[in-house]
Amino acid sequence: MKQCKKACSWRSDSTRCFPGQCTNEIVETCSCTSGFGGSQCDTITEQTTILYAEIKLHNPSHETVTTPLNPSDTGPQPIRFTNKNDLNATEIEFRGTFLASGTPPPHDPTGGNHFVTDFDYGIVYGQMKLEYIIGSSTSIQTFSCPSTQDNPIKTNYICSRTNTNNSAVSLPTFGHSDRLIYTIDVRNGGFLEYINRETSSTIKSYLSGQTTTKSYTVQWDYVLPYYSCFQLHGASCTVSPIDILDITDQNIISFSWKQWNDDLAGLDGYEYEIFHLKPYGDFLREGEKLTSSNRTLSSVSESKLNVTIPGMYSIILTAFDKAGNYKSTRSLFLFDDNSFVETASGTRMIVTESTLETDYEWVITESSLLHVTWPGRFTNERHDIYKWLHRLESNSHVDSTYDDKFGRRTVDWFTNVKGIVKFDINFTVTGPDVKSFQGYTDVSNILQESEILYVTWEDGQKLDISVKATDIMGDYTDDTITIYKDISNPEIENLWLSYGNKTELFVHRLEDLSSMTFEWDTYDYHSGIYSVHWKVYANYTGSDVLHGSSHITAQGDASNMTSCENKYQNSPRGPDCYCTIYHGCYQRHFYVKPEIVNGSGAGLTPGKDKGVHDSDYFIEITVVNKAMLTSVLTKKITIDISPPQTGSVHDGLPGSPEVDFQQELYLNFYWDGFFDPESGVKYYKYVISDHCWSKEDLFASSQGTETYETITNYVAKTVGKYYVTVIAINSANEASDSICSDGVTIMTDTPVATNIVLDGATIIPILVKDTSNTLWIIGENLSRIVVNDTSICSHITSITEDILLLPQADEIDIDCSNLPSVSSPFVSILPRTSQLSIKWDSNMDDIFVHDYHIGLSSTKNNPAPDILPFRSTKHHRHFRLNYPDLTEGTLFYIIIKSTSKANVDGIQSYGPVVIDVTAPVFIGSHIDLEFKDETLIANWTRTAFTDEEDPHPLKYQFALGHAASETDVISYRPLQYNTKCIRTEPPDCTAIDTTSLDWSLHGHHDYYVTIKVTNLAGLSITKTSVVYTHDIQLPSAGIVYDINLNNVNDSSLKDLIDIDFSVKFDSLAAEWKGFYHPHLSLHYYVCVGTVKGNCDVTTKNNTDSSKHQHVFDNLLLKNFQATQNIRNIQDLHNVGISQDFTMARSRVAFLAREAVRKGKLKSTSVWDGKIFLTVINDDKRIVSTESELKEFINGKPDPRRSDRENNVVDMTIARSPGTLHFLPNNMMFPPQMMQYQSGAQAMYPQIYEIIPWCTLTLYMTEISVFFCNLKRTLYNLTLTFKDRKKEKSTFKNM
């Protein structure tokens, strides 16, 4: 279906759609170009753009006020306020442009392609208007601008009234709140021409445009901004326009402001400036600007700043309104992060009541009001120099109302003294405890730098005053002074001369003034002593003549009493210290011995150091205490150089004889005759002692006693000699010579004799114990020595009370074995003499002994001797009695009486003593002498020797000699003992060990022992023993035969026939020959036994040496059991020698003995019919024939083992108790064999190194010895056979 649509065209009922575009030329598709609208697209929909707009007001000074401030910012603007009242012209101008946002399509001037032939648009109208609102009237002034609708201007549209084109507008005078409004009106538009194709006419049509209006106001404001508090309250405002900490040590400064206003224009903002204040004359002013701020918004009300340099600063804050009006205020602050308050050198705090002489340390007047001043003492140097507390110079920009009157630091002068803004004062009184005090109190007027205190205090007390100075920062320092109070002068006492320990003297004893000593006491308990001065002068001419003067130490400098006493402990009078409360401790006593010194004021003046006898002088002491108060004391002295005269001193009482000795301890003394013709005797000094004292010692000693009396007594504490020594002292303290008594001796001790020696008296050595249990040995000469080792001879003791009578020796050789038993009496033995001589010592010096007396008594301690009455020794300590009539053997005592000069007697007994004139006697029969075991033993009975007069044990000695009473072998010596001779009391034997002799006993020599017995009187007796002949050679061996009974007593010369068998049962006969001894007679012992060596059948003892045969009769023999033995000795059972030889064997035995003699054999023995041989090399063999003997001698070996075929049976060998038991199988030959030895080998076996076999010696009259060697082991077998006296036999095995 076809539709009819309206097309875009020139028709009025259609749309031109220009500027625009019709798609397909249909109306409904018309689209206006952007910026245009309406049905015809002939309405401009967009505003003209104002590119520049400005109103610029001028004054004659060419100052301008513009709005907008940025002409290119043509948008709405606030009212532009100004406070310029001289603006007389204004320039106005604006610039605009209008370009649609879309681009219109091109028109067709020809009309051929489009019916619009012309088209243009832009600004077509413009106008400027000034509206004057002055007061209540309003007037308007308009100004047209170029351009019309037919000539629109798209760009660079300008409309102006400026000085450039000389079109500036003159202005009237504006008042407060008047306004000037500048208005711009501009309109856009345009036109188009189109062809009406229907009429072919050209039609012009105008576009409908938009009007744009801009308005800008300038208003005059002549009223300044203000601080609301000031506006409301004026000077009564109490709130600072700037809130700041005006005194700080923090470098970050924070401050703020508020309550600023402007009623018309309103506040535009704030600005502030920071100034470092500098001193200028006597005030501060702003110096260089430290910093300033930009204009802040009115909403900003605080700020911070950083300062680094201490000092005084100002902040000037200015509030601006929008018209350019402003109001300034000033605030101050002090920044000091290193504030320091100090005391100024050269200044001090003083109490005006204190004295200059004490350097303002002491108050010496009674006053309770004290003025304390400290001018210039305290300062804060920087605060003072830089005048940080001084007044500020006014600022032209700041009204006085708006200047800083708030806070601590204002623009006014801050009251201070050299930077100090506050003084506080306190005080404390102590003495030594706190007496009163006042805490810190403000000083009301700091500019005076003084204060008045009311103080209650006493002498010696201390007042501490402290002033604290504080600066504006709060920093402070304090200063304290200490003052003391003393209104009393020092004390001077006890000024006098002294000599040693003697004081209170006013007379000098020498003309030499340097020898005098004066002393005094000085003290001040409140302040102590500052200085001490002395001077010595004379005034005998009416004017003072100075002899010397000196300042001396005040004797202080001690912190406490102990320190003072230690410091002055060596002062002449010792420490005499006192302590003040605060000024240390002092030595009270002064001691001066002036010296001669060149120079003024240092001592005695040379040439004026001598005084004149009996003249007066003055000593003046000047003492100043630490409060500088002075005391002076003067004393007059006199010189007297003569000492007192001496008198006499006596022991005893006045009017009684002089006493030299006494027993009582109470003593009396007196003296007289002392005097001094000039000054008189002032007093006496004496001492009672065990010796006399010199004047110097007594005068200086503290042991003496001073007295005004001339008699005294004394109770001695002990005995001894006592003297009294006396000196007299005059007023010059000059002592007389000392006078000593001759002494009185107090004696209470009993005199006794000691170390008594009686010439010739002896005693047996004895061990005794005295009454104090001390052990002593008493020697023969009656001397004693102490025994320290009480275990020695402790079993031999006795007690005597007279042990101390005997003299003590240094050393005594005592053998405990020689000491007698306890029962021995203590009796001294004295030989007969023509003179009894005794001497002694005394327990006290001879000077104390009046005399000694000697007596003889039959009883001990007899005070009236009955034998010889007491005789005086004439004070001698010895006594001789010629030809005393004393009975021999009678006991007596010597009585010694000692008498002291104090009439004390001591009686002692010495003894008992007995006189002995006879020697001991021998009442026994004889003294035996025998030789046993290498020992000679002499025996006698115990009662063989006796002495009736001597109760002491006798002394025994022995000697040995070759003849009776001879001592050529052993001289006399103490008896000797061994197991064969045991010591007894009294002794009955002595043993002589012959092996210890220098020479052994000689063979076949006689020996005698002589016994010597001596008593204590030295008398002796000797007795010689029986003779002992010493023989050591053994009998030579013989041959024993068993003979036929028919051959008994057959003296025909024929060989003996030894039989081996007999038919008789009741008898046996034996014959022997060849036994021989060169010196001794032989006797034989023959027996018969059933066993070899046994005598169990019969025995014959001591067969006469002339007999060589013996027949045993009345026997009961058994077949084949009878054996004849030559011997069977008692106590030696199974030891025997039997004979069972044949004739041939007797020949072989004879040849064997000859071979031994010739040295071809070492030894030979015969046993049980067998012949035993030993060669030199100890080879052994048993032979029975002569040929075997020769072969053995020639060294031919024997194929037989003779030690296994010798038919030796086991036999027990006789032995002594304790010896070994020998068995035959331990040896080659049994020890019972007979042996023959050469003489040399028998006498000296050690030379040949031969230990022989057993040797048997038959019946000898003396001792026989033989040896056994078993397998090279030495045994000594001793057989002692009975001699003719039938002595007991012994047997010893070694």
The test is side chain to side chain donor-acceptor pair (under 3.5 Å); show your working for Asn489 and Asn625 and say whether it passes.
CA-CA 7 Å; Asn489 295 73; Asn625 65 11; over 6 Å; no
Going by atom types only, do Ser466 and Thr480 share a side-chain donor-acceptor pair under 3.5 Å?
yes
Quick check on Asp557: does its CG atom have over 12 non-hydrogen neighbours (other residues, nucleotides or ligands) under 6.0 Å away?
no
Result of checking Ile446, Asn445, Val421 against Thr415 for side chain to side chain contact (heavy atoms under 4.5 Å, CB included)
Ile446
Can His176 and Val223 be said to form a side-chain contact (heavy atoms from CB on, under 4.5 Å), step by step?
CA-CA 8 Å; His176 175 68; Val223 179; 3.6 Å; yes
Does Asn294 CG have over 12 foreign heavy atoms under 6.0 Å away?
no
Measuring from atom CH2 of Trp220 to atom OG of Ser177, what distance do you get when rounded to the nearest 0.5 angstrom?
11.5 Å
So, His371 versus Glu353: side-chain donor-acceptor pair below 3.5 Å or not?
yes
CD of Glu302: more than 12 outside heavy atoms within 6.0 angstrom?
no
When you look at Tyr525 and Tyr578, which way does the ring-ring contact (aromatic ring centres under 6.0 Å, His included) test go after all the steps?
CA-CA 8 Å; Tyr525 296 127; Tyr578 70 95; 5.2 Å; yes
Strictly below 4.0 Å, N to O, side chains only: are Asp442 and Lys422 in salt-bridge contact?
yes
Step by step, work out the side chain to side chain donor-acceptor pair (under 3.5 Å) result for Thr379 and Asp384.
CA-CA 7 Å; Thr379 182; Asp384 182 41; 4.5 Å; no
Using the ring of each side chain (for Trp, its six-membered ring), is Tyr227 parallel, tilted or perpendicular to Trp260, with breaks at 30° and 60°?
tilted
When you check the gap from the basic side-chain N to the acidic O, do Asp479 and Arg377 get nearer than 4.0 Å?
yes
Strictly below 4.0 Å, N to O, side chains only: are Lys485 and Glu366 in salt-bridge contact?
yes
Is Tyr222 atom OH crowded by more than 12 heavy atoms from other residues, nucleotides or ligands, each under 6.0 Å away?
yes
Hey, is the main chain of Glu458 close enough, under 3.5 Å, to the side chain of Gln461 for a donor-acceptor pair?
yes
Lys/Arg N to Asp/Glu carboxylate O, Asp521 vs Arg588, below 4.0 Å
no
Crowded around Tyr476 OH? As in, over 12 foreign heavy atoms under 6.0 Å?
no
I would like to know whether Asp336 and Trp388 meet side-chain contact (heavy atoms from CB on, under 4.5 Å); could you show each step before the answer?
CA-CA 10 Å; Asp336 190 356; Trp388 289 347; 3.8 Å; yes
Going by the angle between their ring planes, with limits at 30° and 60°, are Phe320 and Tyr326 parallel, tilted or perpendicular?
tilted
Of all heavy-atom pairs between Ile465 and Phe427, which one has the smallest distance, and what is that distance?
CG1-CB, 4.1 Å
Decide if atom NE2 of His276 counts as having more than 12 heavy atoms of other residues, nucleotides or ligands within a radius under 6.0 Å.
yes
At their closest point, which heavy atom of Thr318 faces which heavy atom of Ser328, and how far apart are they?
OG1-OG, 2.6 Å
Charged N-O contact under 4.0 Å between Arg330 and Glu286
yes
Starting from the C-alpha separation in whole Å, work towards a yes-or-no answer on side-chain contact (heavy atoms from CB on, under 4.5 Å) for Val429 and Val455.
CA-CA 8 Å; Val429 176; Val455 180; 3.5 Å; yes
Between Cys579 and Cys585, does the SG-SG distance stay under 2.5 Å?
yes
Quick check: His583 with Tyr484 (ring centres under 6.0 Å apart)?
yes
First locate atom CG of Leu334, then atom CG of Asp246, and finally report the distance between them rounded to the nearest 0.5 Å.
8.5 Å
Taking Thr522 for the side chain and Ile492 for the main chain, is one N or O donor matched with an acceptor at less than 3.5 Å?
no
Candidate list Ile316, Ile315, Leu290, Asn395, test side chain to side chain contact (heavy atoms under 4.5 Å, CB included), partner Phe275, passing option
Ile316
Can you tell me how far the NZ atom of Lys468 sits from the OH atom of Tyr440, to the nearest 0.5 Å?
6.0 Å
When rounded to the nearest 0.5 angstrom, what distance separates OG1 in Thr217 from CG in Leu180?
8.0 Å
Is it the case that Arg409 places NZ or CZ above or below the six-membered ring of Phe414, under 6.0 angstrom from the centre and within 45 degrees of the axis?
no
Would Thr441 and Asn426 count as having a side-chain donor-acceptor pair, cut-off 3.5 Å?
no
Which heavy atom of Gly556 sits nearest a heavy atom of Tyr586, and at what distance?
CA-CD2, 3.4 Å
Which atom names give the shortest non-hydrogen contact between Cys564 and Gln587, and what distance separates them?
SG-N, 4.0 Å
For the pair Thr64 (side chain) and Thr66 (backbone), establish whether a donor and an acceptor sit closer than 3.5 Å, ignoring hydrogens and angles.
no
Residues in ring-ring contact (aromatic ring centres under 6.0 Å, His included) with Tyr360, at least two apart?
none
Say you draw a straight line from CG of Asp359 to CD1 of Ile483; how long is it, rounded to the nearest 0.5 Å?
12.5 Å
Distance from Ile274 atom CD1 to Leu317 atom CG, nearest 0.5 Å?
9.0 Å
Set out, in order, the CA-CA distance, both residues' side-chain angles and the distance that settles side chain to side chain donor-acceptor pair (under 3.5 Å) for His526 and Ser488, then state yes or no.
CA-CA 8 Å; His526 301 141; Ser488 60; 2.9 Å; yes
Is it the case that Lys327 places NZ or CZ above or below the six-membered ring of Tyr402, under 6.0 angstrom from the centre and within 45 degrees of the axis?
yes
Closest heavy-atom pair, Asp475 versus Val341, reported as atoms and distance to 0.1 Å, is O-CG2, 3.4 Å
Cationic tip of Lys626 above Tyr530 ring, under 6.0 Å, 45° of axis
no
Ionic contact status for Asp464 with Lys462, cut-off 4.0 Å
yes
List the steps and the verdict of side-chain contact (heavy atoms from CB on, under 4.5 Å) for Trp413 and Leu389.
CA-CA 6 Å; Trp413 183 74; Leu389 301 182; 5.5 Å; no
Can a salt bridge be assigned to the pair Asp221 and Arg80 using a cut-off of 4.0 Å between side-chain N and carboxylate O?
no
With ring-ring contact (aromatic ring centres under 6.0 Å, His included) as the test, pick out the partner of Phe255 among Phe333, Tyr270, Tyr272.
Tyr272
Neighbour count >12 (heavy atoms, 6.0 Å) for atom CD, Glu342:
yes
Counting only heavy atoms not in Phe437 (residues, nucleotides, ligands), do more than 12 fall under 6.0 Å from its CZ?
no
Going by the angle between their ring planes, with limits at 30° and 60°, are Phe423 and Phe378 parallel, tilted or perpendicular?
tilted
Heavy-atom nearest pair, His383 first then Gly419, reads CB-CA, 4.0 Å
